[in-house]
Amino acid sequence: MLVLGIETSCDETAAAIVRDDGMVLSDVIHSQVETHAPFGGVVPELASRDHLQNARPVILAALERANVTLADVDGIAVTCRPGLVGALLVGVELAEGLGWAADKPVVGVDHLVGHLVAGYLVRADGPPVDPPKPPFVALVASGGHTALYRVDAPSADAIREIGATRDDAAGEAFDKVAKVLGLGYPGGPLIDRLAAEGDPNRIAVSPPMPRRDSLEFSFSGIKTNVARYVEKHGAPGNDQTLRDLCAAFQKRVVDVLTSKTILAARQERVSTVVLGGGVAANRELRARIIAECTRREIRAVVPPLASCTDNAAMIAYAGIARLRRGDDDRGRLAPCPTTLLPRVTRKGRGRRESDGARDES
Ligand code: KG4
Ligand code: ZN
């Protein structure tokens, strides 16, 4: 089975052709980073307009690079949630149009399920893939989401959130801290590079939501912490203080992401953890997860960078199970800003009743 994947949920216009064994035949991405960089974040209206301009050439390039035509694919999978509604609408309407014109089934895919199945993708230029065996625990840490999931099968109905952020996503914290430090957008890769040359212990930055028995995260406090440092001491120039501050921030975030992922694996009694989402491209997080899991004889599946950040190959793969079942959403597809996956973590600040008690799960 060959599937065309289309992804337009945020600031990447992407299309890919993927075979049902996970082999990626093409993976084309047009990034809108330059459009949004002057604003320090994604501007929804600009994102939609950019998708409109680029979706057609990106899809054509995906077909051409895989050396197939629309007639050769068995179905189309398109991100329909969560994301910016105007941006999602572009991909959804294009997929519907292509589906009707070529008489191919179309299925809507939850973007988070895409991130969760990225470990199944096989890339010709990548390392050999030993796909994760469910059940496993997955950490998805991106610009819009940060949550831990129990995955019993790579399909939406077999995935359960077991903890998430109460406020900012981890990637959002990287982006906001980079903005405070005047580094530019997106902040993750910039902080990643600077932190590698810094001392994480010279500047005190308080850890984000350190409670060890909870699977919930909170990243808004650490961002405020860095902002206060800048208010008090002034923004560091391109010097060692900047590197040390980036290293201190990144270490605290990596510490909490790593320890809670391992706690989740223990609580769920699984022996595999999988990383996904843009923040999973962070070099310190990748190294720490591998090291800490190896020490505990837990298998860590850390997909290649191209599978972690937003792409349409993961969307195509996430659609395969439903296409195989004969599902077809044509005529019923609608974009939605929220995920389909049931949530257990309440958003918002403040103490929870459970904060004083021990975790019983
Ligand atoms: O998954 P993704 O590409 O898009 C969303 O679904 O949000 O994630 C983008 C996020 C951004 O916040 C970006 O700063 C972060 O991932 N990111 C990183 C790194 N590369 C991208 N964060 C930390 N370290 C990185 N190397
Ligand atoms: Zn994403």
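Both counts, for ligands and for their atoms, begin at 1 and track the order of listing.
At least one heavy atom of H111 sits under 4.0 Å from some atom of ligand 1. The closest approach between any non-hydrogen atom of H115 and ligand 1 is below 4.0 Å. At least one heavy atom of P189 sits under 4.0 Å from some atom of ligand 1.
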- Query: Where do D327 and R324 land on the salt bridge (Lys or Arg N to Asp or Glu O under 4.0 Å) test, with the steps shown first?
  - Reply: CA-CA 7 Å; D327 288 355; R324 250 199 217 124; over 6 Å; no
- Could you go through the salt bridge (Lys or Arg N to Asp or Glu O under 4.0 Å) check for E172 and K179 one step at a time? CA-CA 10 Å; E172 198 177 350; K179 198 170 177 179; over 6 Å; no
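Ring planes of Y317 and Y120: parallel class, angle under 30° (limits at 30 and 60°).
The nearest protein atom to atom 9 (C) of ligand 1, hydrogens excluded, is given as G143 N, 3.7 Å; this is a heavy-atom distance. Of the protein's non-hydrogen atoms, D310 N, 3.0 Å is the one closest to atom 3 (O) of ligand 1. Looking at atom 24 (N) of ligand 1, its nearest protein heavy atom turns out to be N282 ND2, 3.0 Å. Of the protein's non-hydrogen atoms, the one nearest atom 11 (C) of ligand 1 is D175 OD2, 3.6 Å. Closest protein heavy atom to atom 21 (C) of ligand 1: G278 O, 3.4 Å.
Vertex the Zn ion (ligand 2); arms to H111 NE2 and D310 OD1; angle rounded to 10 degrees, 90°.
Closest to atom 23 (C) of ligand 1 by heavy atom, among G187, G188, S31, is G188.
Annotation for ligand 1: atoms under 4.0 Å from non-hydrogen atoms of G171 are 12 (O). Ligand-side atoms of ligand 1 in range of V279: 16 (O), 18 (C), 22 (N), range being under 4.0 angstrom from any heavy atom. Atom numbering of ligand 1 starts at 1 in the shown order; those under 4.0 Å from a heavy atom of G144 are 7 (O). Annotation for ligand 1: atoms under 4.0 Å from non-hydrogen atoms of T309 are 3 (O). Taking every heavy atom of D192 and a limit of under 4.0 angstrom, the matching atoms of ligand 1 come to 24 (N), 25 (C), 26 (N). Set against the non-hydrogen atoms of A281, the atoms of ligand 1 under 4.0 Å away are 20 (N), 26 (N).
Side-chain contact annotation: E292 with T294, donor-acceptor N/O pair under 3.5 Å absent. Judged purely by distance below 3.5 Å, without hydrogens or angles, the side chains of D310 and H111 pair a donor atom with an acceptor atom. Under the 3.5 Å distance criterion, with hydrogens and angles disregarded, a donor-acceptor pair is assigned to the side chains of S307 and R123. Between the side chains of Q250 and N282, at least one donor N or O sits under 3.5 Å from an acceptor N or O. Side-chain polar atoms of D168 and S220 form no donor-acceptor pair below 3.5 angstrom.
Screening E12, Q32, R49, H30 for a side chain to side chain donor-acceptor pair (under 3.5 Å) with N54, the sole residue that qualifies is H30.
Ring centers of F39 and Y185: at least 6.0 Å apart, outside the cut-off.
At a cut-off of 2.8 Å, C10 is not counted among the residues with an N, O or S atom near the Zn ion (ligand 2).
Side-chain atoms of N311 come within 3.5 Å of backbone atoms of T309 as a donor-acceptor pair (strictly under, hydrogens ignored).
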